[in-house]
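Here the structure is a predicted model, which is why all the values come from computation and not from measurement. Atoms within a ligand are numbered from 1 in the order they appear, just like the ligands themselves.
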Amino acid sequence: MFNKILIANRGEIALRIIRTCKEMGIKTVAVYSTADKESLHVRFADEAVCIGPASSSESYLSVPRLMAAVEITNADAIHPGYGFLAENADFAEICTEYGVKFIGPNAEMIRKMGDKITAKSTMIKAGVPVVPGSDGLLKDVKEGIKIAKNIKFPVILKATAGGGGKGMRVVWKEEEFEEQWNKARQEAKAAFGNDGIYIEKFIEEPRHIEFQIIGDQYGNVIHLSERDCSIQRRHQKLVEESPSPFMSDELREKMGDAAVRAGKAINYEGVGTIEFLVDKYRNFYFMEMNTRIQVEHPVTEEVIDHDLIKEQIKVAAGIPISGKNYYPSLHAMECRINAEDPFNDFRPNPGKITSFHSPKGHGVRVDTHVYAGYTVPPYYDSMIAKLICKAQTREECIKKMQRALDEFVVEGIKTTVPFHIELMKDENFRKGDFNTGFINTFKLEKDQ
Ligand code: MV4
């Protein structure tokens, strides 16, 4: 087992990782920017190293500064958390060359899944269903239109270097194709320095259902069931839950099998997520793979009653996993609490938290790094807490979430708590009748 882990991250996830390390008897090193001096991850870690100024590129994203922190603290592993360098293949490679274990998959796996066309062709070979479309990169407009007519409009143009919704264009008819093609290429070039585009049939009103998987160093891969992440706004998830209200035992077997095949196809090591689009007929298609621990991992932890960070550290240390999949025995839901104004287009609202009371009680979990007196810096992600509730049924879980949201007090800054309170009352949400387009039709009124 590792002796000392350096956590190359900040906020709630850094704290989350420190907690598990403590329980496992592993020493921890926090790194922080000058903007995070008063952060809890700095206080709770055994050691803390300031790695630079507020700007991420000069601190949490600076590989030389992180490696210097490894050097002076003698850490033998790095946990990247999510975001920042978590899916940076070059960083994983540098860690390996330096002799420090990157807690996650190797550079080759990260690269394969980071390039969306390579990921898709890998999945086709593994027998995982994918959305019909081009075999690889589109050569030109002519080829694009030909394929679009073949698979029928509407189609979607995606950047091979993209992901998470960046550089996507929907084309509804032939006359719009060239314009959208040019826009997609320009956007992709500007955002990723790579204008490679591929085409797919556009799946209308899909659900986003993802499977948690874990693989060890001996070729074993299992799944830990699904999370429904369809409640999103501009590709930012707001609520996640497990099991999906849309799931049946039969579909879970099929999708779970596909997720395990996906992991085995690349000999996956670590925790990962296979994202699927699911249409209203319950057809499912591989969308992307995330090669990191995700924000919403607690939802899975609560329904299968396992610490995913602990499992992640164990497989990184070479401990094998058992051969069986895990199934939800409860219902869990997570609301992301962001320092944003939900009545003002979710505008970021950093600043000083003057009072803070987090909900408690049976089946209520709050993962957060903030406290009364803490100032939310404007430089990073606006998420300040995750409120996770679990109960026997979805209905009970929603009631618990409503009770917990009512108990949540955050003063000094605006948060997304009022949004979640309204969402929990929505009839369609309560029925489990929603897809990725839900938030566009959901109206938040100020005086209700
Ligand atoms: C799609 C799609 C419909 N059809 N692909 C958005 C994020 C990126 N990972 C892929 N995305 C989509 N790909 C086809 N062929 C619709 C989306 C999509 C979406 C997916 C999941 C969650 C929210 C979404 C919001 C808009 C579009």
Between [X] and ligand 1, is there a nitrogen or oxygen pair with a distance under 3.5 Å?
X: His235; result: no
X: Lys201; result: yes
X: Lys158; result: yes
X: Thr436; result: no

Note the single closest protein heavy atom to [atom], along with its residue, its atom name and the distance in Å.
atom: atom 7 (C) of ligand 1; answer: Gly165 N, 3.4 Å
atom: atom 4 (N) of ligand 1; answer: Ile203 N, 2.9 Å
atom: atom 9 (N) of ligand 1; answer: Glu288 OE2, 2.6 Å
atom: atom 21 (C) of ligand 1; answer: His208 ND1, 3.5 Å

Q. Roughly how far, to the nearest 0.5 Å, is the NZ atom of Lys189 from the CG atom of Asp195?
A.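 Between Asp195 CG and Lys189 NZ, I get 5.0 Å after rounding to 0.5 Å.
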Q.
For Phe429, does the six-membered ring have the charged nitrogen or CZ of Arg394 within the cation-pi criterion, i.e. under 6.0 angstrom from the centroid and within 45° of the normal?
A.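 So Arg394 does make the cation-pi contact.
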Q) Does the pair Glu288/Lys158 count as a salt bridge with the N-to-O cut at 4.0 Å? A)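 Not counted as a salt bridge, because no side-chain N and carboxylate O are separated by less than 4.0 Å.
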Q: Compute the ring centroids of Phe419 and Phe346, then answer whether they are less than 6.0 Å apart.
A: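 When the ring centroids of Phe419 and Phe346 are compared, they turn out to be within the sub-6.0 Å range.
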Q. Taking non-hydrogen atoms only, is Met168 closer than 4.0 angstrom to ligand 1 via side chain, backbone, both or neither?
A. side chain
Q. Would you say the side-chain atoms of Ser33 and Tyr379 include a donor-acceptor pair closer than 3.5 Å?
A. no
Q | Trace of the side chain to side chain donor-acceptor pair (under 3.5 Å) decision for Arg10 with Ser59 | A | CA-CA 11 Å; Arg10 63 178 299 281; Ser59 52; over 6 Å; no
Q.
Could you work out, for atom 14 (C) of ligand 1, the closest of Val131, Leu157, Leu277, Val278 by heavy-atom distance?
A.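 Checking each option, the heavy atom nearest atom 14 (C) of ligand 1 is found in Leu277.
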Q. For ligand 1, which atoms sit closer than 4.0 Å to a heavy atom of Glu200?
A.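 What qualifies from ligand 1 is 5 (N), 14 (C), 15 (N).
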Q) Quick one: which of Tyr268, Tyr326, Tyr327 gives a ring-ring contact (aromatic ring centres under 6.0 Å, His included) with His223? A)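 Output: one option passes, namely Tyr327.
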